[in-house]
Number of protein chains: 2
Amino acid sequence: MVDKDNIKQIVKEKFTEYLTEKGLRKTQERFAILDYIYSSEGHFDMEMLYESMSRQHFRVSRATIYNTIELLLDCHLVLKHQFGKNTSYYEKNYNSDNHYHSICTECGMVQEIKDTGIREIIQSEKMKKFRMTHYCLYMYGICTNCENAKKSKNNNNV
Amino acid sequence: MVDKDNIKQIVKEKFTEYLTEKGLRKTQERFAILDYIYSSEGHFDMEMLYESMSRQHFRVSRATIYNTIELLLDCHLVLKHQFGKNTSYYEKNYNSDNHYHSICTECGMVQEIKDTGIREIIQSEKMKKFRMTHYCLYMYGICTNCENAKKSKNNNNV
DNA sequence: ATGTATGCAAACCATTTGCAATGAC
DNA sequence: GTCATTGCAAATGGTTTGCATACAT
């Protein structure tokens, strides 16, 4: 996939730029983590990242993963999400579609919702004393599965 | 404040209704927690709630507070927020203005942003296989304080 | 050579859990 | 009287921290 490789190259350059600007070191670990994140799809948590990397190319300590994610968040190459549980989830954030998340409050299932125009409205919002860099929209509710499960449970009770 | 007392009465009734419907018990602790939440303003975390209640009317164990908050979330009398740190914050959710949150990624400061019409657009969003009950919009960026602090730091370096 | 970044293990701390005692029904 | 709920204290688990070692500069 040429496109994906292109993106990997671009984000690597962006990260390099960021590290240089901040006077931070360009370590193998940092680039390996970035590369791994941009090789995967969807959301991941720290344990998933740690396990997957251990299984494959590169073993990196948890401490380093946490440290590096902090940098990637700072330069906006990664987004952090907290969907209501204690574990944080992350996703790559370059050249990806604008999307929101719907979260089922019963089973915790998270789905992506494509943007259909809300973005422009939110970004045109004027805020005093605040310069917005990005935003997250979380929609909570009940997914069809859980809705149906509830219904049949209620029917049994009656 | 008559208005506040009214609201307290209404949410108490709503909670009672919810407990009855679910076949759960109407304990003093549960109503004390609800009352305390609706007596306070703004966001709070579990420790704040626990401490404040201990200092005032009613001492309730942490376990019970966690348990009760779960119920209040379920019947939408309380909202839960995770602003990026490990601690969860909560706020009452009845008859309150529609608002979003702006979060400074430098200092963590959270401010409320009044809704100016985004709500209707979001609520008109059609979602397959999902019935939305509520949503949260978080805007991340830099507050003026931190922006200025950064600038003067950069100037010193140059 | 210098000092930042890593890896490890221990510490931290919000949240969850198990269980005996309490109290709503 | 029964069993859900409470309070307590211990356990859990994601995240953070301290420190010796490694390595980017």
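The analysis underlying the following values was restricted to heavy atoms, covering all of them including side chains, and did not include hydrogens, waters or symmetry mates. In what follows, chains are A, B, ... by sequence order, proteins preceding strands, each numbered from 1.
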Worksheet item: More than 12 non-hydrogen atoms from neighbouring residues, nucleotides or ligands closer than 6.0 Å to NZ on B:Lys8, yes or no?
Response: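 Counting other residues, nucleotides and ligands, NZ of B:Lys8 exceeds 12 neighbours.
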Worksheet item: For B:Ile142, what are the other residues in its hydrophobic cluster, where any two members join if their side-chain heavy atoms are less than 4.5 angstrom apart?
Response: none
Discussion item. Less than 4.5 Å apart, side chain to side chain, heavy atoms only: is that true for B:Tyr100 and B:Glu112?
Written reply: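 No, too far: nothing below the 4.5 Å cut-off.
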Worksheet item: Can you find a side chain N or O atom of A:Asn67 that sits less than 4.0 Å from OP1 or OP2 on C:dT6?
Response: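 Checking A:Asn67 against C:dT6: at least one side-chain N or O falls below 4.0 Å of OP1 or OP2.
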Worksheet item: In degrees rounded to 10°, what angle is found between the helical axes fit to the five outermost pairs at each end of the helix from C:dA1-D:dT25 to C:dC25-D:dG1?
Response: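 Taking the rotation axis at each end, their angle is 40°.
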Worksheet entry | Start and end of chain A contact along DNA chain D [non-hydrogen atoms, under 4.0 Å] | D:dG14 to D:dT25
Practice prompt. May I have all residue pairs that pass side-chain hydrogen bond (donor to acceptor under 3.5 Å, both in side chains) and include part of residues 126-135 of chain B, sequence neighbours excluded?
Written response: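 Sorted pair list: A:Glu147-B:Arg131.
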Worksheet item: Once you round it to whole Å, what is the distance between C1' of C:dA9 and OH of A:Tyr50?
Response: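 Those two atoms, OH and C1', are 12 Å apart.
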Discussion item. Holding to side chain to side chain contact (heavy atoms under 4.5 Å, CB included), I want the full list of residues that pass it with A:Thr116, two or more places apart in sequence or in another chain.
Written reply: B:Glu125
With sequence neighbours excluded, tell me which residues meet ring pair (Phe, Tyr, Trp, His ring centres under 6.0 Å) with [X].
X: B:Tyr94; value: none
X: B:Tyr38; value: none
X: B:Phe130; value: none

Discussion item. Treating primed atoms plus P, OP1 and OP2 as sugar-phosphate and everything else as base, which nucleotides of nucleotides 15-25 of chain C get B, S or - for protein heavy atoms under 4.0 Å?
Written reply: BBB-----BBS
Item to complete: Kindly write out the residues that satisfy side chain to side chain donor-acceptor pair (under 3.5 Å) with B:Asn86, not counting sequence neighbours, or none if the list is empty.
Response: none
Worksheet item: Is it true that B:Lys4 and B:Glu41 make a salt bridge, defined as a side-chain N closer than 4.0 Å to a carboxylate O?
Response: yes
Response to the item:
Note: contacts of residues 30-37 of chain B with DNA chain D (heavy atom, under 4.0 Å) are B:Arg30
Worksheet item: Is A:Asp115 reaching over with its side chain to a backbone N or O of A:Ile118, donor-acceptor style, under 3.5 angstrom?
Response: yes
Worksheet item: Taking the six-membered ring of A:Phe31, is the NZ or CZ of A:Lys26 close enough (under 6.0 Å from the centre) and on axis enough (within 45°)?
Response: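 Judged by the rule (NZ or CZ under 6.0 Å from the ring centre, within 45° of its axis), A:Lys26 is not positioned above A:Phe31.
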Worksheet item: Does anything in residues 62-81 of chain B pair up under salt bridge (Lys or Arg N to Asp or Glu O under 4.0 Å), and if so which pairs, sequence neighbours excluded?
Response: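 Residue pairs passing salt bridge (Lys or Arg N to Asp or Glu O under 4.0 Å), neighbours aside: B:Lys22-B:Asp74, B:Glu47-B:Arg62.
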